[in-house]
Student: 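Pasting in a structure now, in structure tokens, and then I'll have a few things to ask.
To find a chain, count down the sequence lines: A is the first, B the second, and so on, and within it residues start at 1. The model shown is predicted, which means the values in this text are computed figures rather than measured ones.
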Amino acid sequence: MMQLPFIISATFFVIFAVPTLTLFLLGIFHKLFGVREKYKELLLFIFERGRQRIEKNTLSRRQSQMNLLDEVDLEDDDDGIITPMYNEREGPSPDFELSDTFELVTAGIQAIVQDQVTHRFEAEELQSWNLLTRTNHGYEWISVKLTLLWVAGFYIRYLILLPLRVVILILGSVTMTFLTGLVGPIPGSWKIKPLLNDWACRVSFRIFSRAFSAIITYHDEQFKPNRNGITVANHTSPIDVVILSCNSSFSLIGQSHGGFLGVMQRALARASSHIWFNRSEMKDRKAVARRLKLHAQDPTKPPILIFPEGTCINNSAVMQFKKGSFEVDSVIYPIAIKYDPRFGDAFWNSAKHGMLHYVYRMMTSWAIVCDVWYLPPMYRKPEESAVDFANRVKAEIAQKGGLIDLDWDGGLKRSPAKKEWKEKQQLELATKIISNNNSFSRKNSSSTLISGSEFSEDEHGNLVSSPTPPPIPPASPTEKRIPEQSEECEEEDEDEFIMMTSPVPLEVKKEE
Amino acid sequence: MGSRPSLLLRDEELAEIQKETGFTANQIERLYSRFTALDKTATGALSREDFLRIPELAINPLGERIVMAFFRHSDEDRVNFRQFVRVLAHFRPLKKSRANALNSREGKLKFAFKLYDLDDDDRITKEELLAVLQMMVGENISEDQLMSIAERTILEADSDGDGMIGFEEFCKVLDRSLVEQKMSIRFLN
């Protein structure tokens, strides 16, 4: 009878402590034995089998209930679209025609059917089911075999992976507190301190990353930011910070928190210079900018990590970069992060799920697989505005990560579209009407009711003096027509600047 | 845990919608998932706010008019899926084999006409045209100037001399316009 507790604890040790300790040591020595790669391949193999199964099933279902209309479906393609035999009216167009609304209307309907922005804040759609149910729907009852597979996966994820990962998470936080506690008291004048801090941070973040089974591939490490400056990356989730910090240490910037998160923040701050603001300080945009600048120009400090999108995007696109971090005269190290959504959706839909729910989802996913690309450092050109520079950096990141480059503001996740964007379109339409009117009146001066000169004397004379716009329909559904961030929006920028700063990395701790 | 509702359309309903709109079953399923994504309150019907939450529509100068088109045949202030698809069906590309009343040239023109015809009396008055013009250009052109544009447009189209544009006059003015192309979008299958 005395042996029972012993057996239980021994079993516990074998199941949890051994793998945990192994992972812990792996974290310290950063060795890969290819286990995770094998795990990834195995998962992909299973998903592919599942996909084939689903395809077979839907195909047979379709065949059984095929009717006349479905038959037409299969032949549906672009052939046979009727094209009219006549051409549009030639010659000068009058200032306004009844058909001028068509483009706007069609663009509006197009936006209702599919727009560029709203689905960036929803989970990405997947090609194949990853046995997690959360990203695809209606797959549970495809076949008995698949259902059994899902059930098996469920037990593995919730009964084995989850407890293991919670243990790792606790271990990670203990390690972080301990190591930074050791590095902290070393005098700042010693050259070894930043090196030790770098090591301590990487070890603790690597342990954290294992709490999500992160499988990260770093590309172009020769461009890894290694001295002071500002690092900018696209933002998908709070774990972006963990992903990036596994490979090199950064200074983090964000709001200081209480509770356990505060303990972690203080632990980090002990060993290195992170910028934690309290609520009232964050409101002071100038003070934030000043500290950012001081930090970025100090060669003894690690680069600051900033997510200029200001909010989490679902990793299919990059949205507008807030200009704040590009105003500081500093080198910019761009980083592109692309997650593989097949193993688990890393996107944090903060409008829908709380932090706890998000962490729970992460820790019950198969794995977090991602690629990180370091891009060559970029500098602001003379005469280049902060907004232009931000857009240039954004385009580079989008291109490298295979993401769509959007000019839309990530703030649309929560707030409605700004009125100025509509006004800008109205201005374009007005300019078009006026220029049409001018050219029309020159050719058939008798038939116009408005003379061109009337416009130029108008109080809106600036319209006429501006060059004639290209004849692009203003409502064509491209992102071109969205105005740039204007310098006048200083007030709103205050909030944007706050949002720009990264969510602190250790929010995962709310798990407990 | 599923974050997306599954397709809850019954087979006979699906067949009816197919017949009425000419969309394929796959297209309808796609539109249904879009519909539920727009339906933030999960009531099975869309409100004006649900539509105008789409940024690209909200900044469209005619955005509110376009949204109004969805509510024209609805007594309530919400649009269900059937009504939603019916409006969108006007914008299916016109094909020889599969034209129907909605996406024919006339169907498309009727839709465009109704966008101007705010009071639904089958005539576009000077005031109604002015209202559309004002939505399009905002504050950038003065009302007097827009009024003269509206008057001229009506004068050109008004063949029976009643000072308004009826549907037939509307079609006649636009008989050389590429309505089929301009009022069509691609629906993914």
Student: Kindly give the heavy-atom pair with the smallest separation between A:L98 and B:F170, and that separation in Å.
Tutor: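 Answer, listing the atom of A:L98 first, then B:F170: CD1-CD1, 3.8 Å.
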Student: Please identify, among B:F84, B:F91, B:F111, B:F70, the residue contributing the most non-hydrogen atom pairs under 4.5 Å to chain A.
Tutor: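 Result: the option with the highest number of such pairs is B:F91.
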Student: Considering all heavy atoms of both residues, which atom of B:L88 and which atom of A:I112 are nearest to each other, and what is their separation?
Tutor: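 In terms of heavy atoms, the two residues are closest at CD2-CG2, 4.3 Å.
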Student: Measure distances from B:V67 to the heavy atoms of chain A and classify the residue's part below 4.5 Å as side chain, backbone, both or neither.
Tutor: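 No part of B:V67 comes within 4.5 Å of chain A.
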Student: What closest approach, in Å, do A:K422 and B:E64 show between heavy atoms, and which atom pair accounts for it?
Tutor: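 Residues A:K422 and B:E64, closest heavy atoms: NZ-OE2, 4.2 Å.
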Student: Let me know if B:L57 has heavy atoms under 4.5 Å from chain A in its side chain, its backbone, both or neither.
Tutor: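 It is both, since atoms from each part get that close.
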Student: Check whether any side-chain N or O of A:Q426 sits under 3.5 Å from a backbone N or O of B:M135 as a donor-acceptor pair, and report yes or no.
Tutor: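 A pair under 3.5 Å: yes.
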Student: Please lay out, stage by stage, how A:T101 and B:M136 fare under the test side chain to side chain contact (heavy atoms under 4.5 Å, CB included).
Tutor: CA-CA 8 Å; A:T101 54; B:M136 283 172 72; 3.8 Å; yes
Student: Give the intermediate values and the outcome of side chain to side chain contact (heavy atoms under 4.5 Å, CB included) for residues B:L129 and A:F96.
Tutor: CA-CA 11 Å; B:L129 192 53; A:F96 173 77; 4.0 Å; yes
Student: Once you round to the nearest 0.5 Å, how far does CZ of B:F187 lie from CD of A:Q110?
Tutor: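 These two atoms lie 8.0 Å from each other.
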Student: If I measure from the heavy atoms of chain A, does B:L52 come under 4.5 Å with its side chain, its backbone, both, or neither?
Tutor: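 For B:L52, no heavy atom lies under 4.5 Å from chain A.
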Student: Give, as side chain, backbone, both or neither, the part of B:F113 having an atom under 4.5 angstrom from any heavy atom of chain A.
Tutor: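 Neither the backbone nor the side chain of B:F113 comes within 4.5 Å of chain A.
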Student: Please state whether the side chain, the backbone, both or neither of B:F35 comes within less than 4.5 Å of a heavy atom of chain A.
Tutor: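 Neither part, no heavy atoms under 4.5 Å.
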Student: Could you pull out the closest heavy-atom pair between A:A111 and B:I54, with the gap in Å?
Tutor: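 It is O-CG2, 3.7 Å.
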Student: Has B:N60 got a side-chain atom pairing as donor or acceptor with A:A107's backbone, closer than 3.5 angstrom?
Tutor: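 No, the answer is negative, given that no donor and acceptor are paired below the 3.5 Å cut-off.
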Student: Any idea which heavy atoms bring A:Q116 and B:E56 closest together, and the distance?
Tutor: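 Closest approach of A:Q116 to B:E56, heavy atoms only: N-OE2, 2.7 Å.
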Student: Hey, mind stepping through B:R34 and A:T118 against side chain to side chain contact (heavy atoms under 4.5 Å, CB included) and telling me if it holds?
Tutor: CA-CA 11 Å; B:R34 175 67 173 169; A:T118 49; 3.4 Å; yes
Student: Is the shortest side-chain N to carboxylate O distance from A:D100 to B:K182 below 4.0 Å?
Tutor: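 Result for this pair is no, no salt bridge flagged.
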Student: Please examine the side chains of A:D115 and B:P55, heavy atoms only from C-beta on, and report whether any two atoms are closer than 4.5 Å.
Tutor: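 Yes, side chains in contact.
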Student: Identify the heavy atoms of B:I59 and A:Q425 that sit nearest to each other, and give their distance.
Tutor: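 Here B:I59 and A:Q425 meet closest at O-NE2, 2.7 Å.
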